Amino acid sequence: MRILIAEDQKDLNKVLTKKLTAEGYSVDSCFDGEEALDFLNMAQYDGVILDIMMPRLDGLSVVKHMRASGDATPVLFLTARDSVEDKVRGLDLGANDYLVKPFSFEELMARVRALTRKSTAENSPVYEICDLRLDTGSHSVTRSDKKIKLSAKEFALLEYLLRNKGQVLSREKIENNLWNFDYEGGTNAVDVYIRYLRKKIDEDFSPRLIHTVRGVGYVLKDESD
């Protein structure tokens with residue numbers, strides 16, 4: 001999943017980016033509200049983490065612009081303000097959640113997981129197809145009840161495929177979801193990670209679930225149905 005962080009405290013911004021990246025998210029970050037709107041105009045995100053007090057344009061104004069333009073991307077506010085009035089104002093403008101500084105990163109991650117789950121048609125943190133099961137809560141994957149160990153990026157790729165099972169996903173769409181604007185990897189990065197994933201979840205199992213659609217991309221489906 002792809003996350004945008006807009007936080008003007010550079011040290012906190014850096015730590016948040018590092019933490020979310022380590023958890024398998026694709027992360028873009030910026031330091032003011034106008035930059036945040038620029039990023040939102042250029043890419044589709046699964047969630048946005050917004051500081052309220054930012055230069056040039058504050059977080060409340062960013063959310064107001066988002067909702068006015070029809071952008072329903074889930075928003076989590078970070079703020080030092082903990083008054084009921086401030087929380088109500090942010091939520092009334094269209095924010096989905098509110099976290100007061102200082103906060104624990106464990107709580108932040110739980111809030112982000114809840115936030116991004118709400119942006120999908122699935123409310124459950126568990127995704128399944130055939131005998132393959134991915135649990136976002138425990139960050140675990142099994143197939144035929146056998147535990148499968150995945151890297152953070154492999155897990156993110158599999159989750160994205162499962163969230164869109166049965167749909168053909170282009171390489172560009174997968175790349176945009178899993179990597180940020182700073183990514184400088186090779187043009188075949190998606191193919192490489194699909195190969196890694198196939199080796200772990202398909203090679204020793206039947207039926208095969210990851211299928212190539214020539215000239216287009218990939219689709220996760222159970223052809224035995």
Side-chain angles (χ1 to χ4, degrees), residues 1-120 136-137 139 152-153 155-156 159-160 175-185:
M1 292 188 178
R2 192 168 184 175
I3 301 291
L4 174 65
I5 298 172
E7 165 60 64
D8 67 323
Q9 295 180 37
K10 293 188 176 181
D11 289 344
L12 178 57
N13 190 311
K14 184 177 180 180
V15 171
L16 291 175
T17 300
K18 184 176 181 180
K19 178 68 175 177
L20 284 161
T21 301
E23 292 291 327
Y25 293 93
S26 171
V27 182
D28 290 308
S29 65
C30 58
F31 304 99
D32 66 66
E34 288 190 2
E35 277 189 299
L37 288 179
D38 288 340
F39 274 98
L40 288 163
N41 287 330
M42 291 187 292
Q44 183 176 355
Y45 293 93
D46 296 287
V48 182
I49 299 174
L50 279 180
D51 184 29
I52 287 186
M53 298 300 292
M54 291 189 293
R56 300 176 71 188
L57 197 66
D58 63 37
L60 295 171
S61 298
V62 172
V63 170
K64 190 174 181 179
H65 276 81
M66 289 174 63
R67 301 309 186 232
S69 67
D71 186 344
T73 305
V75 171
L76 169 64
F77 270 140
L78 299 181
T79 182
R81 297 175 172 179
D82 61 355
S83 72
V84 173
E85 291 80 6
D86 286 330
K87 293 179 181 179
V88 169
R89 185 184 177 201
L91 294 172
D92 281 347
L93 283 171
N96 301 79
D97 202 357
Y98 212 104
L99 192 56
V100 178
K101 302 175 184 177
F103 52 83
S104 72
F105 288 109
E106 289 76 13
E107 181 178 6
L108 172 68
M109 294 312 304
R111 298 286 187 99
V112 169
R113 288 192 293 269
L115 192 75
T116 52
R117 281 202 302 272
K118 290 175 184 176
S119 70
T120 70
T136 59
H139 211 265
K153 190 61 70 178
F155 187 93
E159 181 182 349
Y160 185 57
E175 186 175 277
N176 286 341
N177 188 268
L178 296 182
W179 284 276
N180 61 20
F181 285 115
D182 295 329
Y183 178 68
E184 296 180 351

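Predicted, not measured: the structure shown is a model, and the values here were computed from it.
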**Message:** For Phe31 versus Asp8, what's the shortest heavy-atom pair and its separation?
**Reply:** O-CB, 3.2 Å

**Message:** Once side-chain contact (heavy atoms from CB on, under 4.5 Å) is applied, do any residues pair with Tyr160, and if so which ones, sequence neighbours excluded?
**Reply:** Arg163, Asn164, Leu169, Lys173, Ile174, Asn177

**Asked** Does CG belonging to Asn41 count more than 12 external heavy atoms closer than 6.0 Å?
**Response** yes

**Message:** Quick one, Glu35 and Leu57 - any side-chain contact, counting heavy atoms below 4.5 Å?
**Reply:** no

**Request:** State the CD-NZ distance between Glu7 and Lys14, to the nearest 0.5 angstrom.
**Result:** 15.0 Å

Only distances under 3.5 Å count here; give the side-chain donor-acceptor pairs of residues 70-78 to other protein atoms, sequence neighbours excluded, each with its distance to 0.1 Å.
unit_1: Asp71; atom_1: OD1; unit_2: Thr73; atom_2: N; d: 2.9
unit_1: Asp71; atom_1: OD1; unit_2: Thr73; atom_2: OG1; d: 2.6

**Request:** Working to the nearest 0.5 Å, report the span between CG of Leu91 and CG of Asn96.
**Result:** 8.5 Å

**Request:** With rounding to the nearest 0.5 Å, note down the distance linking CG in Asn13 to NZ in Lys18.
**Result:** 14.0 Å

**Request:** Could you pull out the closest heavy-atom pair between Leu50 and Ala6, with the gap in Å?
**Result:** CD2-CB, 3.5 Å

**Asked** Tell me, which pairs form a salt bridge (Lys or Arg N to Asp or Glu O under 4.0 Å) where one or both residues lie in residues 49-68, sequence neighbours left out?
**Response** Asp32-Arg56, Glu34-Arg56, Asp51-Lys101

**Item:** Nearest-0.5 Å distance, CE of residue Met109 to CG of residue Leu20
**Value:** 4.5 Å

**Item:** Inter-residue atom distance Leu93.CG - Leu60.CG, 0.5 Å rounding
**Value:** 5.5 Å

**Request:** Answer whether the closest heavy-atom distance between the side chains of Val62 and Val48 falls below 4.5 Å.
**Result:** no

**Asked** So which heavy atom on Cys30 is nearest to which on Leu4, and how close?
**Response** SG-CD1, 4.3 Å

**His65: partners by ring pair (Phe, Tyr, Trp, His ring centres under 6.0 Å), with sequence neighbours left out** = none

**Request:** Applying salt bridge (charged side-chain N to carboxylate O under 4.0 Å, His left out), name anything that partners Glu107, two or more places apart in sequence or on another chain.
**Result:** Arg111

**Complete:** Separation between OH (Tyr45) and CG (Leu40), nearest 0.5 Å, reads 6.5 Å

**Request:** Could you tell me whether Met53 atom CE has more than 12 heavy atoms of other residues or ligands within 6.0 Å of it?
**Result:** no

**Request:** Return yes if some donor-acceptor pair links the side-chain N/O of Gln9 with the main-chain N/O of Asp11 below 3.5 Å, else return no.
**Result:** no

